[in-house]
Asks: 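Take this structure first; my questions come after.
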Amino acid sequence: MVLVARLVARLVTLEQLTLYFAGRPNMSGCRQAREALRWCDPRSLSPEETDLRLVWEIDAGLPRPRCNWTVSDLAGHRLGMPDLLSDELGVVGEYDGGEHRYGNRRAVDADRLEAFRDAGLESFVVVGAERHDRARTIAKMHAAVRRAEGRPRRWMIAVKPPPLRIE
């Protein structure tokens with residue numbers, strides 16, 4: 001548990017923790033730790049984003065998305081950094097908790113989703129009240145995948161994005 005806390009606090013990397021458990025095959029709990037680490041993503045910024053990604057991968061059976069990866073248009077202008085991005089499928093996913101309802105945040109979110117759509121990315125949004133409705137979430141994900149089929153790709157991503165800054 002202490003090692004996981006170090007990962008969350010960004011005192012160790014996912015790679016370092018994976019190597020640690022790989023070098024201790026007979027230590028109690030290592031098999032479970034290695035399996036759990038397989039599902040981790042160091043770019044996930046919240047438990048809700050992680051839940052959304054796990055529904056995407058496990059329940060919806062979709063390919064592993066990128067977490068918090070900057071998307072730009074073909075001219076290099078930043079469009080935004082979605083919670084989930086499947087560059088393979090051309091889909092972005094967002095979890096919008098309560099903080100997305102206040103101030104100008106809703107308008108900023110809407111503008112970002114419109115920019116993604118204009119660049120050829122389809123999106124889905126899961127709000128807090130829907131968080132535990134897996135069937136509804138999966139349906140939203142698959143609908144976005146269907147809408148994205150055949151859309152021209154007018155966007156790009158960095159091969160290796162800069163580290164996330166947590167504020």
Side-chain angles (χ1 to χ4, degrees), residues 7-8 13-15 18 32 34-166:
L7 179 64
V8 171
T13 67
L14 182 59
E15 293 78 20
T18 300
Q32 294 92 339
R34 284 192 301 274
E35 178 63 17
L37 288 172
R38 187 171 77 82
W39 295 103
C40 291
D41 190 307
R43 295 188 65 82
S44 186
L45 294 177
S46 72
E48 294 81 12
E49 285 181 14
T50 297
D51 287 347
L52 190 63
R53 181 178 51 80
L54 293 175
V55 170
W56 172 273
E57 288 185 72
I58 297 169
D59 299 322
L62 296 167
R64 187 170 192 131
R66 298 175 190 270
C67 294
N68 297 297
W69 212 275
T70 300
V71 178
S72 302
D73 65 17
L74 295 178
H77 300 109
R78 185 181 190 277
L79 301 176
M81 188 175 71
D83 296 339
L84 303 181
L85 165 67
S86 175
D87 47 317
E88 178 181 340
L89 299 174
V91 174
V92 298
E94 295 282 348
Y95 173 78
D96 285 358
E99 71 278 4
H100 289 263
R101 293 183 299 208
Y102 302 108
N104 72 338
R105 181 71 183 263
R106 189 158 168 76
V108 169
D109 289 345
D111 288 346
R112 189 177 67 251
L113 291 177
E114 187 174 328
F116 289 148
R117 195 173 308 112
D118 288 347
L121 286 160
E122 270 302 327
S123 64
F124 68 91
V125 178
V126 175
V127 298
E130 302 171 311
R131 182 172 171 212
H132 299 293
D133 188 343
R134 289 210 186 303
R136 184 174 181 171
T137 300
I138 292 166
K140 284 183 168 194
M141 291 171 172
H142 284 290
V145 169
R146 285 190 302 276
R147 289 191 309 269
E149 290 175 3
R151 297 210 51 197
R153 182 175 174 153
R154 297 182 304 275
W155 53 275
M156 61 183 178
I157 58 171
V159 174
K160 184 177 180 188
L164 292 171
R165 290 185 8 211
I166 300 173

Asks: Begin from the C-alpha positions of Arg106 and Asp109 and carry the test salt bridge (Lys or Arg N to Asp or Glu O under 4.0 Å) through to its verdict.
Replies: CA-CA 5 Å; Arg106 189 158 168 76; Asp109 289 345; over 6 Å; no
Asks: Do the charged groups of Glu122 and Arg146 touch, with an N to O distance under 4.0 Å?
Replies: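 Looking at Glu122 and Arg146, the cut-off is not met.
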Asks: Is there a side-chain contact (heavy atoms from CB on, under 4.5 Å) between Arg112 and Leu79? Walk through the geometry before answering.
Replies: CA-CA 7 Å; Arg112 189 177 67 251; Leu79 301 176; 5.9 Å; no
Asks: In Å, rounded to the nearest 0.5 Å, how long is the span from CD of Glu149 to CZ of Arg147?
Replies: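 Between atom CD of Glu149 and atom CZ of Arg147 there are 11.0 Å.
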Asks: At their closest point, which heavy atom of Gly90 faces which heavy atom of Ala148, and how far apart are they?
Replies: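 For Gly90 versus Ala148, the nearest heavy atoms are O-CB, 3.6 Å.
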Asks: Is the closest basic N to carboxylate O distance between Arg53 and Glu57 below 4.0 Å?
Replies: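 Yes, this pair counts.
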Asks: With rounding to the nearest 0.5 angstrom, report the OG to CG distance, Ser123 to Asp83.
Replies: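 Result: 11.5 Å between the selected atoms.
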Asks: Apply side-chain contact (heavy atoms from CB on, under 4.5 Å) to Thr70 and Ile157, showing your working.
Replies: CA-CA 6 Å; Thr70 300; Ile157 58 171; over 6 Å; no
Asks: Kindly write out the residues that satisfy side chain to side chain contact (heavy atoms under 4.5 Å, CB included) with Glu114, not counting sequence neighbours, or none if the list is empty.
Replies: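 Counting only residues at least two positions away or on another chain, Glu114 forms a side chain to side chain contact (heavy atoms under 4.5 Å, CB included) with Arg117, Asp118.
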Asks: So which heavy atom on Phe116 is nearest to which on Pro82, and how close?
Replies: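 Shortest heavy-atom contact: CZ-CD, 3.6 Å.
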Asks: Could you check whether any side-chain N or O of Trp69 sits under 3.5 Å from a backbone N or O of Ala158, counting only pairs where one atom can act as donor and the other as acceptor?
Replies: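 Answer holds: yes.
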Asks: For the CG atom of Leu84 and the OG1 atom of Thr50, what is their distance to the nearest 0.5 Å?
Replies: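 With rounding to 0.5 Å, CG (Leu84) is 9.0 Å from OG1 (Thr50).
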Asks: For the side chain of Arg43 and the backbone of Asn68, is there at least one donor-acceptor N/O pair under 3.5 Å apart?
Replies: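 Yes, the answer is positive, given that a donor and an acceptor are paired below the 3.5 Å cut-off.
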Asks: Quick one: pull up CD in Glu49 and CG in Asp41 and give me the separation to the nearest 0.5 Å.
Replies: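 Result: 9.5 Å between the selected atoms.
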Asks: Short question: side chain of Asp73, backbone of Trp155 - any donor-acceptor pair under 3.5 Å?
Replies: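 No, because the side chain of Asp73 does not come within donor-acceptor range (under 3.5 Å) of the backbone of Trp155.
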Asks: For Lys140 and Val126, indicate whether the former's side chain and the latter's backbone hold a donor-acceptor pair under 3.5 Å.
Replies: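 Here the side-chain-to-backbone pair does not exist.
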Asks: Return the set of residues passing ring pair (Phe, Tyr, Trp, His ring centres under 6.0 Å) with Trp56 (not counting sequence neighbours), or none when no residue passes.
Replies: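 Per chain and number, Trp56 pairs via ring pair (Phe, Tyr, Trp, His ring centres under 6.0 Å) with Phe124.
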Asks: Within the side chain of His77, is there an N or O that forms a donor-acceptor pair under 3.5 Å with the backbone of Ser72?
Replies: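 Here the side-chain-to-backbone pair does not exist.
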Asks: For Arg131, is there an ion pair with Asp51 - N to carboxylate O distance below 4.0 angstrom?
Replies: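 Salt bridge flag = yes for Arg131 with Asp51.
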Asks: Report the C-alpha separation of Arg66 and Asp87 in whole Å, then their side-chain angles, then the decisive distance to 0.1 Å, and conclude whether the salt bridge (Lys or Arg N to Asp or Glu O under 4.0 Å) test is met.
Replies: CA-CA 8 Å; Arg66 298 175 190 270; Asp87 47 317; 3.0 Å; yes
Asks: Indicate yes or no: at least one non-hydrogen side-chain atom of Met141 is less than 4.5 angstrom from one of Val55.
Replies: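 Yes. Closest side-chain heavy atoms under 4.5 Å.
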Asks: Determine the minimum heavy-atom distance between Ser86 and Pro63, stating which atoms define it.
Replies: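 Taking every non-hydrogen atom into account, OG-CG, 4.4 Å.
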Asks: For the backbone of Leu121 and the side chain of Arg153, can you confirm whether one donor and one acceptor N or O come within less than 3.5 Å of each other?
Replies: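 No, the answer is negative, given that no donor and acceptor are paired below the 3.5 Å cut-off.
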